[in-house]
Amino acid sequence: MTDFDWNNYSLETQAIRAGYDRTHHDEHSIPIFATSSYVFKSAEEAALRFTGKQPGNIYSRFTNPTVDVFQQRLALMEKGERCLAFSSGMAAIMAVGMGLLKAGDHVVCSRSVFGNTVLLFQNYFSKFGVETDFVELTSLATWEAAIKPNTRFLFLETPSNPLIEIADIKVLAEIAHNHGCLLIVDNVFCTPVLLKPLELGADIVVHSATKYIDGQGRCVGGAVIASDEIIENNIYPYLRTGGATMSPFNAWVFLSGLETLAVRMKAHCDSAFDLAKWLDRQSGVAKVHYPGLNSHAQHELAKTQQSHFGGVVSFELTGGQEHAWRLIDATKMISITANLGDVKSTITHPATTTHSRLSPEVRAEVGIKDSLVRISVGLENVEDIKNDLLNGL
Ligand SMILES: *Cc1c(COP(=O)(O)O)cnc(C)c1O
């Protein structure tokens, strides 16, 4: 079938069927290829593989058939040319830095990114002569002003965690490209179901597959999606050498996660929107942060940039930290954990957990109040989620 192209299929179909050729056993489910190495038919074939003159597997640190199906599917879903899987989301971000940066380079990063991403740039890349400036996600002028002649890329997450602020990817891609920089987007919160940053001009997408892609809180993994050129020249050589490879078993779990990602995301978003509107009416709630609400500062941008508003809601209580902790402790069903993107709803107090490392002054500056609570809305019946929260409201 020479004219067959998975790009002509929709995301839901790609997620279930793309990138896999059945073996001679005619199996219907994708096998886990638990093999570290591969066998060559002759010394000559081994030589051709090692020099890259013949495509094919050599060793599972570089390529593995199960991992490859995951990579092909996620690349199609993100509308990217190529995807590489990693052992964690942080390993994927590390690979982007190691593949693209050299001593003397500069990075502009949103100050509202995952805590370990901040530490990676601030404490580790800095040791090798890469300087990073952190800027406010939604202030476009601040991004542009922070760019220097040696800036290599801009890095952001949208929506931000835990305040669910939305970045304008189209405008930031333009700003980046006008200055000869790349734009890198961490698409963990939206997944390609809600947002395809590459279509909006971003150059690289990174993922933690640990969250919505797995969807059931089982495995840790990550991915980088970009052009063939960036993957081939910058990311693949690092993966091959650095070795933070995704295991075939984890890829197999993530593949089953991808199969249901679209329906799960829709259900997560529907419940989160419902919950956000309900929270907005509760007397103990001072403010709800959710881009579906008219009161959200980037409501219009979220409407045009994303296909839905996302599965995470945060809200401020009227009574400070004591009230927030009382609410969290009064829940009987929702899991008290900082993880997100699970079928199980999770609740967390950012100021004393994920963002406790920040000083009270910095927390105040970025708007993470002591009364703030974040919920990753799961797939339980939303009325049960509301009832569980009512115990503490
Ligand atoms: C969890 C997370 C990461 C890191 O991923 P791991 O798989 O835990 O290494 C990066 N970015 C965001 C937005 C995350 O939520």
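Just so it is clear, the structure is predicted and the values come from calculations on it, not from any experiment. Every number for a ligand or one of its atoms is a count from 1 in the order of the listing.
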Partner set under salt bridge (Lys or Arg N to Asp or Glu O under 4.0 Å) for Arg17, not counting sequence neighbours:
none
Tell me whether Glu44 at atom CD has more than 12 heavy atoms from other residues, nucleotides or ligands lying less than 6.0 Å away.
no
How far apart are the closest heavy atoms of Ile225 and Ala75, and which atoms are they?
CG2-CA, 4.2 Å
Give a table of atom pairs where an N or O of ligand 1 lies under 3.5 Å from a protein N or O.
{"unit_1": "ligand 1", "atom_1": "5 (O)", "unit_2": "Ser208", "atom_2": "OG", "d": "3.0"}
{"unit_1": "ligand 1", "atom_1": "7 (O)", "unit_2": "Gly89", "atom_2": "N", "d": "2.9"}
{"unit_1": "ligand 1", "atom_1": "7 (O)", "unit_2": "Ser208", "atom_2": "OG", "d": "2.8"}
{"unit_1": "ligand 1", "atom_1": "7 (O)", "unit_2": "Thr210", "atom_2": "OG1", "d": "2.6"}
{"unit_1": "ligand 1", "atom_1": "9 (O)", "unit_2": "Gly89", "atom_2": "N", "d": "3.1"}
{"unit_1": "ligand 1", "atom_1": "9 (O)", "unit_2": "Met90", "atom_2": "N", "d": "2.9"}
{"unit_1": "ligand 1", "atom_1": "11 (N)", "unit_2": "Asp186", "atom_2": "OD2", "d": "2.6"}
{"unit_1": "ligand 1", "atom_1": "15 (O)", "unit_2": "Lys211", "atom_2": "NZ", "d": "2.6"}

Counting only heavy atoms not in Trp325, do more than 12 sit closer than 6.0 Å to its CH2 atom?
no
Could you identify which residues cluster with Leu379, counting Ile, Leu, Val, Met, Phe, Trp and Tyr as linked when any side-chain heavy atoms lie under 4.5 Å apart, either directly or through a chain of such contacts?
Val343
With sequence neighbours excluded, give me every salt bridge (Lys or Arg N to Asp or Glu O under 4.0 Å) pair touching residues 384-393.
Asp274-Lys386, Glu383-Lys386
